[in-house]
**Q** 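I'd like to ask you about the structure that follows.
Side chains are part of it too, since the values below use all heavy atoms of this structure and drop only hydrogens, waters and symmetry mates. In listed order, ligands and their atoms are each counted from 1. Source: prediction; values computed, not measured.
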Amino acid sequence: MAEVAFGGSAEKISLEEVGLRYEVDGEIATITLDRPDKRNAQTFATWSALAQIGDNLPQQVRVVVVRGEGPSFSAGIDLRMFTPEGVPGQGSFASSAKLDSSAFEQRIAQAQQGFLWLRRPDIVSVAAVQGHAIGAGFQLALACDLRVLADDAQLCMKEPALGLVPDLTGTKPLVDLVGLSRAVEICLTARTVGAQEAARIGLAELVVAPEDLAGAVRDLTAALLATGRDAATATKRLLQGASGRTLEEQCAAERQEQVVRIKALFAGS
Ligand code: ACO
């Protein structure tokens, strides 16, 4: 997939123009935010491209790595959105504010599609985060199942400080991971959470030296791929549903998944 249409436009632009790289190597897909000179700032085109990558993910892919080129994972939304000129071809918040509310919500819903697929049960998504992950950058890391942080990582939910709310799917995973009180504190102070604290409060699975980040992600990916696809998918589905179910309901879900698994394992024997 080399081109992407965005914002309902028929115009297509290349992934390179969007500032993304996308590589598939067997069971592993790697998405790289690749505008390091602008600290991998994101636009609506970034989110359309991410959604299209998700829609077209080859069936064999089981792990999706999301990483950023350069010193920062992502400095969040492109600040040109706050200027009257906006981002060329994509408008500005000033122009979006003139849309009727349902059309504007629809635009945000499209942006959210770029993040939501990373939770699909048939894949495991891993964010490799170095340097700043601010706003949309933090939310992209939160959209992934797992986060591996370089020890220089700095996470910040800056939206409230800019008069906004975090709306790129990040609020639920944040609350699920750190609890309501800590999430309120992190968001409403818009403070920076460093890598060690992130690991302590459940925002990171692993913290490594920056030079070890790629290797740590490779090792984690290999370990994840050691589990068979069908068992991994069923287990992730089960775990994802756990917080919304009672113990009794969860036990029933375990039984249902296990019956399918064991029938599949012993079919024909
Ligand atoms: N949007 C557009 N351009 C950006 C962004 C951004 N979010 N962040 C950085 N850049 C650009 C800078 O303008 C600069 O461009 P220039 O070289 O053409 O002047 C370049 O990236 C490098 O930025 P520096 O600030 O020089 O880099 P530094 O490493 O010192 O700082 C940091 C990085 C901390 C990320 C800083 O750039 C920053 O605070 N950026 C803004 C973060 C922000 O407020 N994001 C919005 C969050 S809210 C949301 O995402 C919905």
**Q** Tell me whether ligand 1 is touched by D167 - counting only heavy atoms on the residue side and a distance under 4.0 Å.
**A**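 It does not; every heavy atom stays at 4.0 Å or beyond.
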**Q** Between A136 and ligand 1, find which residue part has any heavy-atom pair under 4.0 Å and reply side chain, backbone, both or neither.
**A**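 Within the 4.0 Å criterion, A136 contacts ligand 1 through backbone and side-chain atoms alike.
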**Q** Mark whether atom 12 (C) of ligand 1 lies under 4.0 angstrom from at least one protein heavy atom.
**A**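 Neighbour list for atom 12 (C) of ligand 1 is empty of protein heavy atoms (cut-off 4.0 Å).
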**Q** Backbone, side chain, both or neither: what part of L162 comes under 4.0 angstrom of ligand 1, heavy atoms only?
**A**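 The answer is the side chain.
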**Q** Nearest protein heavy-atom contact for atom 39 (O) of ligand 1: which residue, which atom, what distance?
**A**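 I find the closest protein heavy atom is I134 CD1, 4.3 Å.
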**Q** Can you tell me if CD on E248 sees more than 12 non-hydrogen neighbours from other groups inside 6.0 Å?
**A**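 Check fails, neighbour count at 12 or below.
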**Q** According to a 4.5 Å side-chain heavy-atom criterion applied to Ile, Leu, Val, Met, Phe, Trp and Tyr, with indirect links allowed, do L118 and L225 form part of one hydrophobic cluster?
**A**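 No; L225 is not reachable from L118 via cluster members.
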**Q** Considering only the protein, which heavy-atom contact is closest to atom 51 (C) of ligand 1, and what is its distance?
**A**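 For atom 51 (C) of ligand 1, the nearest protein heavy atom is E159 OE2, 3.3 Å.
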**Q** At a non-hydrogen distance cut-off of under 4.0 Å, which region of H132 contacts ligand 1 (side chain, backbone, both, or neither)?
**A**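 Side chain only; the backbone of H132 stays clear of ligand 1.
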**Q** Return a yes/no value for K158: is any of its N or O atoms, backbone included, closer than 3.5 angstrom to an N or O of ligand 1?
**A**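 Checking ligand 1 against K158, an N or O pair does fall under 3.5 Å apart.
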**Q** Ignoring angles and geometry beyond distance, decide whether K38 reaches within less than 3.5 Å of ligand 1 through its nitrogen or oxygen atoms.
**A**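 In this structure, K38 places an N or O atom under 3.5 Å from an N or O of ligand 1.
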**Q** What class does the angle between the rings of F82 and F93 fall in, given that below 30° is parallel, 30 to 60° is tilted and above 60° is perpendicular?
**A**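 Geometry flag for F93 against F82: perpendicular rings.
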**Q** How far is atom 1 (N) of ligand 1 from its nearest protein heavy atom, and which residue and atom is that?
**A**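 Looking at atom 1 (N) of ligand 1, the protein heavy atom closest to it is L79 N, 2.9 Å.
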**Q** Any Lys/Arg nitrogen of R255 or E257 sitting under 4.0 Å from an Asp/Glu carboxylate oxygen of the other?
**A**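 Salt bridge: no.
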**Q** Look at atom 2 (C) of ligand 1 and find which of D78, I77, V165 reaches it with the closest heavy atom.
**A**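 Comparing heavy atoms across D78, I77, V165, the nearest one to atom 2 (C) of ligand 1 lies in D78.
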**Q** Would you please say whether a donor-acceptor pair under 3.5 Å links the side chains of E17 and S14?
**A**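 Side-chain D/A pair, E17 to S14: present.
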**Q** Taking atom CG of D25 as the centre, report whether more than 12 heavy atoms of other residues, nucleotides or ligands fall under 6.0 Å from it.
**A**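 Counting neighbours around CG of D25, 12 or fewer heavy atoms of other residues, nucleotides or ligands fall under 6.0 Å, so no.
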**Q** Distance below 4.0 Å between atom 25 (O) of ligand 1 and any protein heavy atom?
**A**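 Neighbour list for atom 25 (O) of ligand 1 is empty of protein heavy atoms (cut-off 4.0 Å).
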**Q** Look only at the side chain of E205 and the backbone of R147, and say whether a donor-acceptor pair between them is shorter than 3.5 Å.
**A**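 Checked: pair present.
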**Q** If I apply the N/O under 3.5 Å rule, does A75 come out as touching ligand 1?
**A**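 A75 vs ligand 1: N/O contact under 3.5 Å present.
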**Q** Please state which option from T192, V87, D37 has its nearest heavy atom closest to atom 14 (C) of ligand 1.
**A**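 When every heavy atom of T192, V87, D37 is considered, D37 comes closest to atom 14 (C) of ligand 1.
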**Q** Which heavy atom of the protein is the closest neighbour of atom 37 (O) of ligand 1, given with residue, atom name and distance?
**A**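 Scanning the protein heavy atoms, the shortest distance from atom 37 (O) of ligand 1 goes to R39 CG, 4.4 Å.
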**Q** I'd like a table of donor-acceptor pairs (distance under 3.5 Å, sequence neighbours excluded) in which one partner is a side-chain atom from residues 258-269, with atom names and distances.
**A**
{"residue": "S269", "atom": "OG", "partner": "F266", "partner atom": "O", "Å": "2.8"}

**Q** Can Q110 and W47 be counted as having a side-chain donor-acceptor contact under 3.5 angstrom?
**A**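 No, because no side-chain N or O of Q110 sits under 3.5 Å from a partner of the opposite role on W47.
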**Q** Keeping the roles fixed (side chain from K158, backbone from A75), state whether a donor-acceptor pair exists under 3.5 Å.
**A**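 Answer holds: no.
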**Q** Is the backbone of T32 close enough, under 3.5 Å, to the side chain of E69 for a donor and an acceptor to pair up by distance?
**A**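 Looks like no, no N/O pair under 3.5 Å.
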**Q** Would you check if the side chain of R120 reaches a backbone N or O of G54 as a donor-acceptor pair within less than 3.5 Å?
**A**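 Checked: pair present.
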**Q** Counting only non-hydrogen atoms of the protein, does one fall under 4.0 Å from atom 30 (O) of ligand 1?
**A**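 Under the 4.0 Å cut-off, atom 30 (O) of ligand 1 has no protein heavy-atom neighbours at all.
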**Q** Under the 4.0 Å line, does any protein heavy atom show up next to atom 19 (O) of ligand 1?
**A**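 Not a single protein heavy atom is under 4.0 Å away.
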**Q** At a 4.0 Å threshold, what atoms of ligand 1 neighbour a non-hydrogen atom of G76?
**A**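 Going through ligand 1 atom by atom, the ones under 4.0 Å from G76 are 50 (O).
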**Q** A41 heavy atoms, cut-off 4.0 Å: which ligand 1 atoms fall inside?
**A**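 With A41 as reference, the close atoms of ligand 1 come out as 1 (N), 2 (C), 6 (C), 7 (N).
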